[in-house]
Protein chains: 2
Amino acid sequence: MQNIEYLKQYLISHEIKPSTIRLNALDYLLKNRIHPTADDIYEAVAKNIPTLSKTSIYNTIDLFLEKGIIQALDTGEKEHRFDIEVSTHGHFLCRNCNKIFDFNIDSIKYDQSKLDDFLIEERKVLFKGICKNCQDS
Amino acid sequence: MQNIEYLKQYLISHEIKPSTIRLNALDYLLKNRIHPTADDIYEAVAKNIPTLSKTSIYNTIDLFLEKGIIQALDTGEKEHRFDIEVSTHGHFLCRNCNKIFDFNIDSIKYDQSKLDDFLIEERKVLFKGICKNCQDS
DNA sequence: TAAAGAACTTGTAACCATTACTATTTTACA
DNA sequence: TGTAAAATAGTAATGGTTACAAGTTCTTTA
């Protein structure tokens, strides 16, 4: 884990008190942008903190969600996946390798009249299919 | 349940053999476009078929999904919800009343280069927020 | 510096939608 | 009508997540 000061500031600037678990989880999320599951995060952080409990990871995830430094993805798989990139962007889930690929969304043109006076707080775009790699092999 | 012949043909034309449960489930889905959960469907169909088991509803849903007459929605709620409307369209989930509203999507402009040579089979768009009704009250 | 309270972490048990499995019933068809 | 296949029911298991209680660490303040 490097740049501990950076990680600390990252958390503090989002009103999260730094703790060993939180710093480790953040470090993992920043360096492994694979949209990991809670278990992925647990396994990774447990390497540095052998006493780590699953509950602490769920607590950490809940806190990160609440403070807005990660977003949750519901892909139809049974586990949630999490993304340290919180800006609005699209996700492509490969049905074969289960990898998720990010892509930028410029605009969504939709029938605004149907959502007239609706307060839209979140926009999620999920594509599913087969990624280039999996088609080639 | 009316138009049994229509419902039968609906199923048969999608390679689904009509059975009492399937006809009842289809009837419910066509008449109640509320994006119901498996339990919603179970409760509704059980009124007509008291011996109905939950498993049969899950079997029916799986079959309907496989044959493409419904689509599954993953909204972040723990239960899946299902939509008899399978054309590509957007869903708005109200965080307050949990109702889902459909809206038409004309186009999504995104960075195609990121998905170059990807096979896109499914496009899901989910907005979350507060619906008009819930804002008013 | 120490006590007290708050925050954090752990471990276990419970939750609950869904799936697996097996047995039973119904349907299709020769 | 008999037999195989399909459909249905009922129960148990699965597994990600949450609830809860107890223990530990940190922070504050006298």
Side-chain angles (χ1 to χ4, degrees), chain A residues 4 7-8 11-12 14-26 28 35-67 69-83 93 98 100, chain B residues 4 7-8 11-12 14-28 35-67 69-83 93 98:
Chain A
I4 296 191
L7 296 172
K8 275 189 185 171
L11 292 177
I12 290 168
H14 290 89
E15 300 182 328
I16 299 170
K17 291 185 196 162
S19 73
T20 308
I21 294 175
R22 292 169 188 167
L23 290 167
N24 272 271
L26 177 61
Y28 173 75
H35 313 80
T37 64
D39 198 60
D40 290 333
I41 302 170
Y42 171 76
E43 291 294 338
V45 176
K47 284 180 185 163
N48 297 331
I49 307 174
T51 60
L52 184 68
S53 76
K54 208 66 172 291
T55 304
S56 293
I57 288 301
Y58 279 110
N59 286 342
T60 301
I61 289 171
D62 288 347
L63 184 64
F64 282 10
L65 284 171
E66 194 186 318
K67 297 301 186 183
I69 71 167
I70 60 174
Q71 64 170 312
L73 306 183
D74 291 292
T75 60
E77 299 166 301
K78 64 183 152 198
E79 320 97 334
H80 291 153
R81 296 176 68 159
F82 302 96
D83 193 350
L93 171 68
N98 291 321
I100 290 178
Chain B
I4 296 191
L7 296 172
K8 275 190 184 171
L11 291 177
I12 290 169
H14 290 88
E15 300 182 329
I16 299 170
K17 292 185 195 161
S19 74
T20 308
I21 294 174
R22 292 168 189 167
L23 290 167
N24 272 273
L26 177 61
D27 185 56
Y28 173 74
H35 311 82
T37 64
D39 198 60
D40 291 332
I41 302 170
Y42 171 75
E43 291 295 339
V45 176
K47 283 181 186 162
N48 297 332
I49 308 173
T51 59
L52 183 69
S53 76
K54 209 65 171 289
T55 304
S56 293
I57 288 301
Y58 279 112
N59 287 341
T60 300
I61 288 171
D62 288 347
L63 184 64
F64 283 9
L65 285 171
E66 193 187 318
K67 298 301 185 182
I69 70 167
I70 60 174
Q71 64 170 313
L73 305 183
D74 291 292
T75 60
E77 300 167 299
K78 64 183 153 196
E79 320 97 334
H80 291 154
R81 297 177 68 158
F82 302 96
D83 192 351
L93 171 68
N98 291 321

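Just so we're on the same page: letters track the sequence lines, and every chain starts at 1. FYI, side chains are in, hydrogens and waters are out, and symmetry mates aren't considered; it's all heavy atoms of this structure.
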Evaluation steps, side chain to side chain contact (heavy atoms under 4.5 Å, CB included), between B:Asp83 and B:Ile70: CA-CA 5 Å; B:Asp83 192 351; B:Ile70 60 174; over 6 Å; no
Reading 5' to 3' through nucleotides 4-12 of chain D, protein heavy-atom contacts under 4.0 Å coded B for base, S for sugar-phosphate only, - for none: --SSBBBB-
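The CG-P distance, from B:Asp74 to D:dG16, rounds to 16 Å in whole Å. The CG atom of B:Leu23 sits 12 Å away from the P atom of C:dT27 (whole-angstrom rounding). Straight-line distance from the CG atom of B:Leu65 to the P atom of C:dT18: 11 Å, rounded to whole Å. The nearest whole Å value for the distance from the CD1 atom in A:Ile16 to the P atom in C:dA7 is 15 Å. Look at CZ on B:Arg81: it is 17 Å from C1' on C:dT18, rounded to the nearest Å. In this structure, the CG atom of A:Asp39 is 14 Å from the P atom of D:dT18, given to the nearest Å. Counting to the nearest Å, the P atom of C:dT18 and the CG atom of B:Asp40 are 11 Å from each other. Rounded to an integer number of Å, the gap from A:Glu43 CD to D:dG16 C1' is 14 Å.
We find the NZ-CD distance between A:Lys67 and A:Glu15 to be 4.5 Å, quoted to the nearest 0.5 Å.
A:Lys54 pairs by the side-chain hydrogen bond (donor to acceptor under 3.5 Å, both in side chains) definition with A:Asp39, not counting sequence neighbours.
Judged purely by atom type and a 3.5 angstrom limit, A:Arg81 uses its side chain to pair as donor or acceptor with the backbone of A:His35. Within the 3.5 Å criterion, the main-chain N or O of B:Leu23 finds no donor-acceptor partner in the side chain of B:Asp27.
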Output side-chain donor-acceptor pairs under 3.5 Å for residues 56-65 of chain A, partner residues at least two apart or in another chain, one line each.
unit_1  : atom_1 : unit_2  : atom_2 : d
A:Ser56 : OG     : A:Ser53 : OG     : 3.2
A:Thr60 : OG1    : A:Ser56 : O      : 2.7

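Contact check, B:Tyr58 against C:dT18: a side-chain N or O comes under 4.0 Å of OP1 or OP2. Within the 4.0 Å cut-off from OP1 or OP2 of D:dG16, not a single side-chain nitrogen or oxygen of A:His80 is found.
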